[in-house]
Student: 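Below is a structure I'd like to ask you about.
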Amino acid sequence: MAKITPLREAVASLVHDGDTVALEGFTHLIPHAAGHEIIRQGRRGLTLVRMTPDLIYDQMIGMGCATKLIFSWGGNPGVGSLHRFRDAVEQGWPHRLETEEHSHAGMANAYVAGASNLPFALLRGYTGSDLPKVNPNIRFVECPFTAEKLAAIPSVRPDVTVIHAQKADRRGNVLLWGILGVQKEAVLAAKRSIVTVEEIVDDLEAPPNACVLPSWALSAVCPVPGGAYPSYAQGYSERDNRFYKAWDPIARSRDDFRAWMQRHVLDTDDFAGFRRVLAESMKEAV
Amino acid sequence: MAKITPLREAVASLVHDGDTVALEGFTHLIPHAAGHEIIRQGRRGLTLVRMTPDLIYDQMIGMGCATKLIFSWGGNPGVGSLHRFRDAVEQGWPHRLETEEHSHAGMANAYVAGASNLPFALLRGYTGSDLPKVNPNIRFVECPFTAEKLAAIPSVRPDVTVIHAQKADRRGNVLLWGILGVQKEAVLAAKRSIVTVEEIVDDLEAPPNACVLPSWALSAVCPVPGGAYPSYAQGYSERDNRFYKAWDPIARSRDDFRAWMQRHVLDTDDFAGFRRVLAESMKEAV
Amino acid sequence: MSAETLDFTATEIMTVAASRLLKDGTVCFVGIGLPSTAANLARLTHAPEVVLIYESGPIGAKPTVLPLSIGDGDLALTADTVVSTPEIFRYWLQGGRIDVGFLGAAQVDRFANINTTIIGPYDAPKVRLPGAGGAPEIASQAKEVFIVLKQSPKAFVAKLPFVTSAGYLDGGDARAKAGIPGAGPTAVITDLGILTPDPVTKELTLTSIHPGVTVEQVKAATGWDLKISPDLKTTEIPDAGALAALRDLQARTAAAHGQAGGGEG
Amino acid sequence: MSAETLDFTATEIMTVAASRLLKDGTVCFVGIGLPSTAANLARLTHAPEVVLIYESGPIGAKPTVLPLSIGDGDLALTADTVVSTPEIFRYWLQGGRIDVGFLGAAQVDRFANINTTIIGPYDAPKVRLPGAGGAPEIASQAKEVFIVLKQSPKAFVAKLPFVTSAGYLDGGDARAKAGIPGAGPTAVITDLGILTPDPVTKELTLTSIHPGVTVEQVKAATGWDLKISPDLKTTEIPDAGALAALRDLQARTAAAHGQAGGGEG
């Protein structure tokens, strides 16, 4: 059964230095609050996994949480580059970041294989691409019936997966809807899991065949209203495009980035505090 | 785009002698009407695929439609044996029936692999079972990363898949809910597909992330209210347990079976006709 | 028969004994028929938090009447969620999330291997049984397995004509050596008693006998020279609450379906 | 520039020309940015039955404003259904159900291979680009591929530092020999013209030039000695309806998001 617990406690007890950690959410429901809490608690040596590392991984990488990134598309969606990610890869700042690079199809299948307790994912993929030349974890196997060559990549099996969802009930069953990405697979592929939710309700009122994660398959459920900001939670909030654009100049300079993270994340107690300070600084900027 | 068409025309144009045909539905939404129409039109030499061959396959096998059966559990759920299936396997009546036998996990994965356009399915399965000794299509492959041995079976790729669903809209988009079984995978694994539906509506009113099959991925949609009888369609009808029990004595004798099929299926024009004659004969029986 | 046994049938004590083995909070993959009756009885009595998963897709089903088939509507309507059958087998069973697989069987052998496929040679069968269903992977991937079936020499055979689903294979450490992850069948519950595997040889041994049943009766109903535990216990009689709950459940089921319990389908 | 070209920008004719290639009823796997603009323009003009699929999960999306990212809420709310990202890649793309993959690119080479990974050596990159995303499998598994990007010597290079997604590899029948199923990129639409692969060599050839653009301009914007079709056509100018629809769409998008179009993300 999932414990319903404050996010701070969930991160303290479930995310350890050196862990392989996946924060998932495909544009929608990105667990920003949980990412901030991992930064605040100073986690180090993480292998970060995520199909689309965007602002939250830019922040975690820039703050030195990660030594390795497993991913398939790293950018600021609709805006451009992730400057902290690029600085880590291109200049090794704040330290070298090892990368293991896949395609979306590869990553999605690797999560499915992880959730299915298979050691590897099988797909038609990577043909003609240079990715297998730079990623020794892209191999090829032969079909025992047709002798066709198919791509094989290791399953993703995170120590802990973190997602954001719309609702949980008081027992800790979680409901999410809209763009689901790979979140269900990422949770089921992981040894431990944290789900931040917009609200806790008496009854999920889930439609038939909805995406429900049963409480007993989760480690912790943490109420964090707005915890996906600047991403969105369908039915609760809209994506804040201004913030995605505002991030670009902040992240360009190491000093600006550090100062911003200090003020907005390290010096705030929690995500509500972050939102308050951010509101102030955005007012100043206008 | 799916053609919205009478079932008779759909079967006439889409199901051919010698085809590999999957009628799917896991207790719920079993496409009985379509099975009857295939019998009425006298199809021969079919390779029938189904996880749980039950009454409808008992009827098709007994009427000589099939030369091969690929399956994982063949019985009359809640009642006992399928007598026509057993007679075909044990006595070769009305002719020899080749069987290819899997586990549910194997079949479910084989449909997933078919829908995914993979030549084979990969699973942890069949360990310690004698099934691989009698089914040469159960093989084993080695993980290129861990050297673990995993089961491999060929994908299921039917020429045509037939399912029953609750609703379609006027464009031929289909919505089903409740117990979904392998129907989505079976449809997407097939070259052609027929969906019988309880009703055609203006608007599916599908909840978020519902199981919707888009019209353009289907061949034909056929309105057949009650077309799953004696199985059920959640929200529309209940399973008729009396019929499952009544089937047992009918199917025990070759002659009784033949006479019953003649009166109820061959001598009726369509499923509505079958239901009328069945109502009469069940009244007689009381 | 003693006075105590007059109050319940052999099937009832089998069902109640099987249900007692399911601990509260357990995640149970439920076969249809006797396992489903026992698992739902557990849910309605001592194990309200047991999570019942059916291969047709329901997770956390709480049926008010016993399902006759693996895909009854009541399973879907009362479940926490209903996923596809591939997902059940891939993410939930193979994913390693099932504590107990609760199975029926046509035949078991002395090492708790299961046959549900065929009697006689595979290519010229005497009796064609329904086949594997979900059992091979439930038997191998659930953390442990309970098997419930009535005891008779036809059902309890020294050597199976066909091993559909693995118990302990040839006994000893054969199962682990074959790379099968779960612990295997830890109890076989019958209408006569409870058999559990010897810790070393893995041979099924009578460790509990139902009140009113004699050891000779159990031996006579077993197709091999059944070992009897030196520490043989008498199965606790069903308590009044469990018995009442079971009878209520079966009465509701009969009223709803016109029959009780559900067959092996 | 001729009088006709005064009415639209180079980006507008590129977008309209790209959108015209999408036939009604086509099932299109849409990349974000320029491809999404062109595909939605097609849907709003000549191809109302085009089916737009985004890698985040929406099938049959009909957004009223352009998505800024691949997972905008409007995509989900207007779609016929929203499935998981694994399902999109497994059942729909790999399943062989996509007619057209519509991609952007950072760089293309003369055989329409795509780089979105890196400039410079992989282990010591000059510029780290976002990476593959869905492109490698879209490029190989869609029945055909359209690529839309602005033409410049930096973007159109003779040899890519990194092939992220396969076009025609080394040209000729190299793609088929590598066992890649789809037909490959059948058109590269730029702000200067349209390049299509030579039927035999598969080298990208200028087959249509936008009105007001000179062949010299196109050659100067290409990092190799660009072949010009002997049958070079002039791209039809955007009709008033398409142009109005595009501008409406972008105005709605700007009002909704505070910016137009969406980047390459």
Side-chain angles (χ1 to χ4, degrees), chain A residues 25-29 51-52 54 71-82 85-86 88-90 99 101-109 111-112 123-131 133-134 148-149 177-185 211 231-232 234-235 238-239 241-242 244-245, chain D residues 32-33 55-58 67-73 75-77 82-86 88-90 93-94 113 116-117 122-141 160 162-167 169 174-175 178-181 257-259 262-265:
Chain A
F26 211 103
T27 304
H28 182 215
L29 296 173
M51 290 183 65
T52 55
D54 48 13
F71 78 110
S72 42
W73 191 90
N76 182 343
V79 179
S81 286
L82 292 179
F85 160 61
R86 283 185 55 178
V89 174
E90 295 169 12
T99 58
E101 193 164 357
H102 290 279
S103 65
H104 277 354
M107 289 292 288
N109 276 287
Y111 276 119
V112 168
L123 69 152
R124 294 187 189 274
Y126 299 106
T127 349
S129 169
D130 284 342
L131 282 167
K133 296 181 189 163
V134 298
E148 281 170 278
K149 234 175 85 180
W177 70 86
I179 290 188
L180 301 174
V182 291
Q183 284 101 298
K184 182 178 193 164
E185 287 75 16
C211 182
S231 162
Y232 72 106
Q234 197 163 322
E238 301 247 319
R239 190 170 186 265
N241 295 306
R242 293 168 312 161
Y244 282 84
K245 283 191 277 181
Chain D
I32 212 68
E55 63 197 15
S56 56
L68 291 181
S69 84
I70 211 76
D72 274 21
L75 296 176
L77 290 171
V82 181
V83 302
S84 73
T85 294
I88 285 287
F89 282 103
R90 290 158 59 90
L93 178 61
Q94 186 174 275
N113 301 299
T116 53
T117 302
Y122 188 81
D123 289 326
K126 222 175 107 199
V127 183
R128 173 67 237 197
L129 299 167
E137 286 74 24
I138 298 171
S140 61
Q141 292 164 355
L160 293 175
F162 193 94
V163 176
T164 311
S165 306
L169 302 175
R175 183 182 166 99
I180 306 180
H257 297 313
Q259 79 181 68
E264 288 296 320

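Basis for what follows: all heavy atoms, side chains included, without hydrogens, waters or symmetry-related copies. Numbers restart at 1 for each chain; the letters A, B, ... are given by sequence-line order, proteins then strands.
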Student: Less than 4.5 Å to any heavy atom of chain D: does that hold for the side chain of A:M107, its backbone, both, or neither?
Tutor: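 For A:M107, no heavy atom lies under 4.5 Å from chain D.
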Student: Please confirm whether A:F26 and A:H104 have ring centers closer than 6.0 angstrom.
Tutor: yes
Student: Based on non-hydrogen pairs under 4.5 Å, which of A:M51, A:E238, A:R86 is most in contact with chain D?
Tutor: A:R86
Student: Heavy-atom cut-off 4.5 Å, strictly under: side chain, backbone, both or neither for D:P130 against chain A?
Tutor: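 For D:P130, backbone and side chain are both near chain A.
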Student: Below 4.5 Å from any heavy atom of chain D, which atoms of A:Y126 appear? Answer side chain, backbone, both or neither.
Tutor: both
Student: Thinking salt bridges, do A:E101 and D:R128 make one under a 4.0 Å N-O criterion?
Tutor: yes
Student: Does any heavy atom of chain D fall under 4.5 Å from the side chain of A:R239, the backbone, both, or neither of them?
Tutor: side chain
Student: Between A:Y111 and chain D, with a heavy-atom cut-off of 4.5 Å, which part of the residue counts as in contact: side chain, backbone, both or neither?
Tutor: neither
Student: Taking the side chain as C-beta and beyond, is there a heavy-atom pair between A:P77 and A:D54 under 4.5 Å?
Tutor: yes
Student: Counting heavy-atom pairs closer than 4.5 Å to chain A, which one of D:P181, D:A166, D:A132 comes out on top?
Tutor: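 The residue among D:P181, D:A166, D:A132 with the greatest pair count is D:A132.
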Student: Are more than 12 heavy atoms from other residues, nucleotides or ligands located less than 6.0 Å from atom CD of A:E90?
Tutor: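 Enclosed.
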Student: Given the options D:A135, D:G134, D:P136, which has more heavy-atom pairs under 4.5 Å with chain A than any of the others?
Tutor: D:G134
Student: Please flag which part of D:P125 lies under 4.5 Å from any non-hydrogen atom of chain A: side chain, backbone, both or neither.
Tutor: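 Both parts, heavy atoms under 4.5 Å.
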Student: Mind running side chain to side chain contact (heavy atoms under 4.5 Å, CB included) on A:H102 and A:L131 for me, showing each step along the way?
Tutor: CA-CA 7 Å; A:H102 290 279; A:L131 282 167; over 6 Å; no
Student: Please classify the contact between A:Y244 and chain D as side chain, backbone, both or neither, with a heavy-atom cut-off of under 4.5 Å.
Tutor: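 Neither part.
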Student: Enter the distance from A:L180:CG to D:I88:CD1 here, rounded to the nearest 0.5 Å.
Tutor: 11.0 Å
Student: With only heavy atoms counted, which part of A:V112 is less than 4.5 Å from chain D, the side chain, the backbone, both or neither?
Tutor: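 For A:V112, the contact with chain D is made by the side chain alone.
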Student: Among A:Y232, A:F85, A:W177, which has the most heavy-atom pairs under 4.5 Å with chain D?
Tutor: A:Y232
Student: Looking only at heavy atoms and a cut-off of under 4.5 Å, which of A:G181, A:G25, A:G178, A:G106 has the most pairs with chain D?
Tutor: A:G181
Student: Any donor-acceptor pair under 3.5 Å linking the side-chain atoms of A:S103 with those of A:S72?
Tutor: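 Distance-only check fails for A:S72 and A:S103.
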Student: Which residue out of A:S129, A:G125, A:G75 racks up the most heavy-atom pairs below 4.5 Å with chain D?
Tutor: A:S129
Student: At a 4.5 Å cut-off on heavy atoms, which part of D:D123 comes close to chain A: side chain, backbone, both, or neither?
Tutor: neither
Student: Apply side chain to side chain contact (heavy atoms under 4.5 Å, CB included) to D:Q141 and A:R124, showing your working.
Tutor: CA-CA 9 Å; D:Q141 292 164 355; A:R124 294 187 189 274; 3.3 Å; yes
Student: If you count heavy-atom pairs under 4.5 Å with chain A, which of D:S84, D:A174, D:S56 comes out on top?
Tutor: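 Result: the option with the highest number of such pairs is D:S56.
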Student: Tell me every residue that passes side-chain hydrogen bond (donor to acceptor under 3.5 Å, both in side chains) with A:T27, counting only those two or more places apart in sequence or in another chain.
Tutor: D:S69
Student: When only pairs under 4.5 Å are counted, which of A:V182, A:V89, A:T127, A:V134 shares the most heavy-atom pairs with chain D?
Tutor: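 Looking at each of A:V182, A:V89, A:T127, A:V134 in turn, A:V134 comes out on top.
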Student: Between D:Y122 and A:T99, does the side chain to side chain contact (heavy atoms under 4.5 Å, CB included) criterion hold? Intermediate values first, please.
Tutor: CA-CA 11 Å; D:Y122 188 81; A:T99 58; 4.0 Å; yes
Student: How far apart are the closest heavy atoms of D:D72 and A:I179, and which atoms are they?
Tutor: O-CD1, 3.7 Å
Student: Which answer fits A:L123, side chain, backbone, both or neither, if we ask what part of it has an atom under 4.5 Å from a heavy atom of chain D?
Tutor: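 Contact with chain D: backbone and side chain both.
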